[in-house]
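Scroll down for the structure; my scribbles are underneath it.
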Amino acid sequence: MRMPIPHFIIKNRFQKRLDLYQNILTEDILTDVCRRITGRAEFTVAFDNTGYNKGRLAILEYQGNTSYISFSETENTGRNSSFQSFPSALVSYHRAGNLNKEIYFYFLPSEGNNETPYFIFMYRLMKTAGTILLNEDQYLENDITPFNSVSDLIAQRDLNRGRNRGNSSTYVTVDEDDTVQIFGKTYGASKYETTLLCLAIYEVNSKVELYEIGEGGLRELPELAREVIVSLGIRVITSDLVIERDQEEFENNDSLRSPTYIYNLLEKLGEKKCSLCDCEVPQIIQGAHIWPVASIKRLRDINQDAKLQSALDGNNGLWLCNNHHKLFDIDYLYINEEGVIKYKSTIPRGYEEYICGLTVKRQIPGNIMTANFLQYLEKRNIRLNENDYSLVR
Ligand SMILES: [Zn+2]
């Protein structure tokens with residue numbers, strides 16, 4: 001009886017160009033892939049000319065095991081294009097019914113730097129999602145480790161964003177119930193990143209919610225990706241449901257934990273971090289309204305939509321920790337129009353020491369104090385007298 005040999009199945013056609021995969025995945029490349037996965041150098045290959053290749057994917061069958069291998073771009077043209085294919089490969093891998101399977105990523109020779117901070121972040125996400133980087137020994141100098149917690153991932157992403165302001169396509173945060181919330185765009189290149197984030201984060205925390213942030217007609221992730229995400233038990237909340245929740249929250253709850261408000265604050269302020277102290281623990285940080293929801297609701301001269309808009313505006317808020325949120329809500333703390341933080345002078349001395357000790361910041365940063373923010377601040381402060389407050393010391 002002949003020994004079975006490894007067998008590749010590769011969709012040959014590209015979706016958007018005329019080239020064929022058989023021209024890119026040469027004998028040498030496939031031999032290297034085969035040797036690294038199976039330890040054997042001989043193989044057979046079938047290039048399939050039906051349909052097109054999603055995920056720059058080759059499938060290798062050997063001894064009942066199926067390997068999904070996604071290949072890197074050969075033209076390394078920047079952050080958005082370079083990782084568009086991999087999430088599709090990961091989705092195909094998840095959808096495959098067989099249990100004996102692995103997902104791999106293989107570097108093809110390319111121009112440019114493979115190890116920008118963004119690329120390294122993506123490799124770490126891929127590893128977190130269970131991917132083996134098949135020839136990283138040959139292409140990467142950095143040691144790539146998977147994320148071991150969501151806070152690790154958020155911190156790294158925040159650092160990365162600092163260098164590349166404007167990459168604010170998706171957000172990851174944790175709510176007060178310790179549920180990971182992913183605000184993911186469902187269109188353009190961002191939809192691939194949203195998919196990868198979901199599949200990676202699920203591996204380190206099983207309580208995950210995905211809020212789909214749509215645009216125009218594209219309100220949901222591509223069907224196959226969505227199916228996989230839902231099948232893992234991730235709660236997917238579509239744009240319509242987000243709007244319903246916003247309205248429900250607005251009507252029933254003055255502290256408004258609506259998804260749109262959280263998303264707008266993430267867009268304006270970045271990751272959760274108390275504006276009055278150094279607290280960065282997302283489970284005890286909330287969006288705090290400058291112009292309070294209760295005051296907005298009491299207005300008589302504007303309609304419900306306009307009220308909701310003010311309540312959801314990212315300019316109408318700060319991230320505050322639980323303590324600071326409460327102290328701000330009961331007007332023990334005051335922010336004047338220069339952003340200077342003050343405390344109420346008439347409170348008992350014991351409170352004063354505690355509050356001043358807790359409040360390590362002296363001023364709200366200038367970039368937060370936009371014209372809209374100042375309008376909300378004025379509406380808040382109209383009921384208060386600055387002379388009742390002293391500088392935090
Ligand atoms: Zn605080």
Side-chain angles (χ1 to χ4, degrees), residues 149-152 154-155 157-159 161-162 171-181 249 253-259 261-295 311-370 373-374 376-377 379-381 384 386 388-393:
S149 69
V150 174
S151 50
D152 185 15
I154 291 174
R157 199 172 152 74
D158 200 27
L159 268 180
R161 210 193 298 279
Y171 293 98
V172 180
T173 190
V174 182
D175 76 1
E176 290 144 72
D177 305 320
D178 203 27
T179 299
V180 183
Q181 296 179 315
E249 276 280 324
N253 186 351
D254 285 352
S255 63
L256 197 72
R257 290 163 53 178
S258 90
Y261 186 54
I262 302 297
Y263 178 75
N264 289 342
L265 289 174
L266 287 166
E267 281 234 296
K268 177 166 182 214
L269 305 169
E271 306 299 343
K272 288 184 177 177
K273 184 174 185 173
C274 180
S275 296
L276 302 181
C277 68
D278 287 323
C279 178
E280 292 183 17
V281 183
Q283 291 89 339
I284 55 167
I285 293 177
Q286 302 154 355
H289 282 82
I290 303 299
W291 190 23
V293 174
S295 307
L312 298 178
D313 189 348
N315 275 300
N316 185 14
L318 286 172
W319 291 132
L320 294 180
C321 68
N322 285 354
N323 281 337
H324 276 123
H325 191 177
K326 189 70 187 171
L327 292 168
F328 189 56
D329 276 357
I330 60 173
D331 298 322
Y332 277 20
L333 289 166
Y334 178 91
I335 299 169
N336 78 8
E337 62 193 31
E338 271 94 49
V340 176
I341 299 155
K342 298 186 167 190
Y343 73 94
K344 199 169 199 170
S345 342
T346 53
I347 57 176
R349 173 156 295 232
Y351 292 11
E352 183 184 318
E353 275 173 27
Y354 175 75
I355 292 171
C356 287
L358 187 70
T359 309
V360 302
K361 305 286 184 199
R362 295 288 174 270
Q363 191 155 12
I364 303 298
N367 61 329
I368 294 179
M369 307 279 292
T370 58
F373 181 94
L374 284 169
Y376 289 121
L377 193 60
K379 284 171 174 156
R380 174 188 192 88
N381 288 350
L384 306 168
E386 191 172 350
D388 295 338
Y389 293 84
S390 309
L391 288 172
V392 172
R393 24 177 193 86

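Start at 1 and go down the list; that is how both ligands and their atoms are numbered.
Sorted by chain and number, the protein atoms of type N, O or S within less than 2.8 Å of the Zn ion (ligand 1) are Cys274 SG, Cys277 SG, Cys321 SG, His324 ND1.
Note that CG of Asn315 and CD1 of Ile290 are 10.0 Å apart. Values are rounded to the nearest 0.5 Å. To the nearest 0.5 Å, atoms CG (Leu266) and NZ (Lys272) are separated by 7.5 Å.
You'll find the ring centres of His289 and Tyr376 outside the 6.0 Å limit. The aromatic ring centroids of Tyr343 and Tyr332 lie 6.0 Å or more from each other.
The existence of a salt bridge linking Arg393 and Glu353 is excluded, since no basic side-chain nitrogen approaches an acidic carboxylate oxygen closer than 4.0 Å.
In this structure, the side chain of Asp175 engages the main chain of Asp178 through a donor-acceptor pair within 3.5 Å.
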